[in-house]
Amino acid sequence: MAGSTTAPSTALPQQRGLEDGAPLAYQGATNRQDSPASMPLPPFAPPSSGRRARRASAAFLLLAPLLYGLLGLALGMDANWDLRNYHWYNAYALLTGRLGQDMLPAQMPSFYNPLLDVPFFLLANHLPAPVAGFVWSALQGLNLSLLFLIARATLRIGTEGQRVAIAAGLAVMGGLGGGTLGLLGTTFHDNMVSLGVLGALAVVLCGLPRLIGGRARGAFLRVGAAGLMAGAAMGLKNPSVIYAVGLCLAFLVLPTRPWRWLWLSFFFGVGVLGGLALFGGFWMAHLWHDYGNPVFPHMNHIFKSPFAAISDYVNVGFFPASTLERILFPFFFTFAPLKVGEVAFLDLRILVLFVLVPVAAALALLGKGSRLQHGPATLADRAATRYLLTAMAVMYALWVVMFCIYRYLVPLEILAPLAIVMAAGLLPVPRRGAVVVAAVLLLLVQATVRPADWGRVAWSDRWVEAEVPPIEDPDHTMVLMGGYWAISHVIPAFPPRIPFVRIQSNFLQPDSVGNGYLALLKDKVGAHHGRFLMLSTIPDTAGAAEAALLLGLRVDQGACRVIPNNLGEPLNLCSVERVPVD
């Protein structure tokens, strides 16, 4: 209560929610400097200060996503390549039962889990595009609310009101990174699966004392719930596996008994498997049933499905050119962003953390070993700092080994402002000096941000608009798709009875060798006895005609009709006839 005197230190673990069996290592860390949130307000604090802080917190949690939604509207309507290639079509195919009707219309991503695409498709297909865009951006803005909760629970700076303000500032910075801001309002989903990652972190860090020293049953249930969120992110988008692994392994550095480490990690892993099963299991079962590979076509060197080449299907296009470049990768990609993405951007925060975290940790250990005048400044809870920085280090290490695509690193970019403050708190300098270091680095990072732009257009009434010309006898028509451009977004504008078969893609070409899926494709085309049409971009029409010849079909490039659409260049719809057999 306001106006009371400081409670005895022996009561601190109980105030923090710890049980009597809390490890001494953590109890010893709960001093006045480390845990001001657990201490009574000083005598001079006004009685209403706590209420004002709580109201300010509630206001931020409510307003941040709404304001972020408005920012998404200001940036324009998403028209990215992946939206046109598969995010729109995959949801449409799942909802309308077209999975067995079409073949490869979205190229290799035709095999990706479409579940996360469904909410966006339903919003954008039933609401005016600006309304859908606001709602979608506001949902992504929940990342700010989650980061605020994590920061407010872990910071150990100033009064309660000051911590709320600092946490809000860090949360806003988390939403204004070069990659995060570029993804706002888009359908890449890296800033949607991040909700599962940050949600898991919030569950862990907001209840960390109970995990370390509380009753075992409650602790294990809590980490299981956190694992469920991380597993959901992994099930919805497989590259999120790096976050589930990082969060799981980070339990091993908490200041508690070794057996507790192992059980926390175990029950978190159980939660991950549950989330994976709930949100990805149905799709993995579908791929296993139809193709003999639950992650088809990836890892086919292990599962050896006859419907794909014996390959791991890993995108190595962004891998570093040398071992040295991989080890020092942030020094390379920060100033050459095309090494890790399709478009230019600038954000220094990963580079700052890459340098700051090991330097601060080494200096903290050196200061402890040599008994220098100043120990760690401790700007955040020590156990939370240890957990988060370890998890982020594991996540980054897995990313640089497995992917090297910056979009997959966006959850780390969101967490980076808080991580910079935590790392500065490890420096063996006075607290004021650590605050200055953190403030300077955060100002430098934010002042130099240049957001990515994967393609936006002016807002239209509907998110996807295409003017498909009348098609004669659609019940007996098959549309072939040629070229390698993203064009499947126009399929919902065609009569629903028309099957689509893509004969050129980043997964298969008509002259492919060692890919059994080609036989399925040829059988489907050969069994069709009605009319054919060819859909492609106008520049791809000539190449599509050459590919069609390999299937015994001729494209009449003089009998093409244009399909205007609002997300990209006009498409060609050309007549096709069978080549007479001599």
For the side chain of [X] and the backbone of [Y], is there at least one donor-acceptor N/O pair under 3.5 Å apart?
| X | Y | result |
| --- | --- | --- |
| Ser311 | Asn300 | no |
| Trp283 | Phe111 | yes |
| Thr448 | Val445 | yes |
| Trp136 | Ala124 | no |
| Arg407 | Asp190 | no |
| Thr378 | Ala380 | no |
| Asn506 | Met108 | yes |
| Lys339 | Ala336 | no |
| Asp453 | Val343 | no |
| Gln509 | Ser505 | yes |

Criterion ring-ring contact (aromatic ring centres under 6.0 Å, His included) against Trp454, the qualifying member of Phe188, Phe345, Trp81: Phe188

Going by atom type alone, with no hydrogens or angles, which donor-acceptor pairs under 3.5 Å involve a side-chain atom of residues 326-335 and a protein atom two or more places apart or on another chain?
unit_1, atom_1, unit_2, atom_2, d
Arg326, NH1, Val400, O, 2.4
Thr334, OG1, Pro330, O, 2.5

CA sep, side-chain torsions, deciding dist, call: Ser57, Arg152, side-chain hydrogen bond (donor to acceptor under 3.5 Å, both in side chains): CA-CA 9 Å; Ser57 297; Arg152 190 187 64 178; 3.0 Å; yes

Do the non-hydrogen side-chain atoms of [X] and [Y] ever get within less than 4.5 Å of each other?
| X | Y | value |
| --- | --- | --- |
| Met299 | Tyr313 | no |
| Arg260 | Ile212 | no |
| Gln107 | Gln504 | no |
| His189 | Asp117 | yes |
| Trp485 | Asn85 | no |
| Pro65 | Tyr68 | no |
| Phe507 | Arg502 | no |
| Tyr89 | Tyr92 | yes |

Taking all non-hydrogen atoms of both residues, which atom of [X] and which atom of [Y] are closest, and how far apart?
| X | Y | result |
| --- | --- | --- |
| Arg163 | Ile157 | CG-O, 2.6 Å |
| Leu147 | Leu170 | CD2-O, 3.6 Å |
| Val457 | Ala79 | CG1-CB, 3.9 Å |
| Ala438 | Ala424 | CB-CB, 3.8 Å |
| Ala167 | Ala151 | CB-CB, 3.7 Å |
| Glu413 | Thr180 | OE2-OG1, 2.5 Å |

Can you confirm if the aromatic rings of [Y] and [X] lie within a centre distance of less than 6.0 Å?
| X | Y | result |
| --- | --- | --- |
| Tyr408 | Trp399 | no |
| His489 | His87 | no |
| Phe251 | Tyr387 | yes |

With side-chain hydrogen bond (donor to acceptor under 3.5 Å, both in side chains) as the test, would you mind laying out the steps for Ser194 and Asn143 before giving the verdict? CA-CA 7 Å; Ser194 60; Asn143 284 295; 2.7 Å; yes

Working note: Tyr517 + Leu104, criterion side chain to side chain contact (heavy atoms under 4.5 Å, CB included); need CA distance, chi angles, decisive distance, verdict. CA-CA 10 Å; Tyr517 197 90; Leu104 296 176; 3.6 Å; yes

Point-to-point distance, once rounded to the nearest 0.5 Å, from [atom1] of [X] to [atom2] of [Y]:
| X | Y | atom1 | atom2 | answer |
| --- | --- | --- | --- | --- |
| Met192 | Thr186 | CE | OG1 | 10.0 Å |
| Leu144 | Leu149 | CG | CG | 11.0 Å |
| Met395 | Leu409 | CE | CG | 10.0 Å |
| Arg386 | Leu252 | CZ | CG | 12.0 Å |

Leu353 and Met392: CA distance, side-chain angles, deciding distance, side chain to side chain contact (heavy atoms under 4.5 Å, CB included) verdict: CA-CA 10 Å; Leu353 283 175; Met392 293 178 69; 3.8 Å; yes

Side chain to side chain contact (heavy atoms under 4.5 Å, CB included) assessment of Phe120 paired with Leu83: CA-CA 11 Å; Phe120 174 79; Leu83 169 63; 3.9 Å; yes

Is the [X] ring parallel, tilted or perpendicular to the [Y] ring (thresholds 30°, 60°)?
| X | Y | result |
| --- | --- | --- |
| Trp263 | Phe266 | perpendicular |
| Phe267 | Phe220 | parallel |
| Tyr291 | Phe296 | parallel |

Under the criterion side-chain hydrogen bond (donor to acceptor under 3.5 Å, both in side chains), I'd like the reasoning laid out for Asp82 against Thr187: C-alpha separation, chi angles, the key distance, then a yes or no. CA-CA 8 Å; Asp82 284 3; Thr187 58; over 6 Å; no

Evaluate Val437 against Val429 for side chain to side chain contact (heavy atoms under 4.5 Å, CB included), listing each step before the verdict. CA-CA 10 Å; Val437 170; Val429 298; 5.7 Å; no

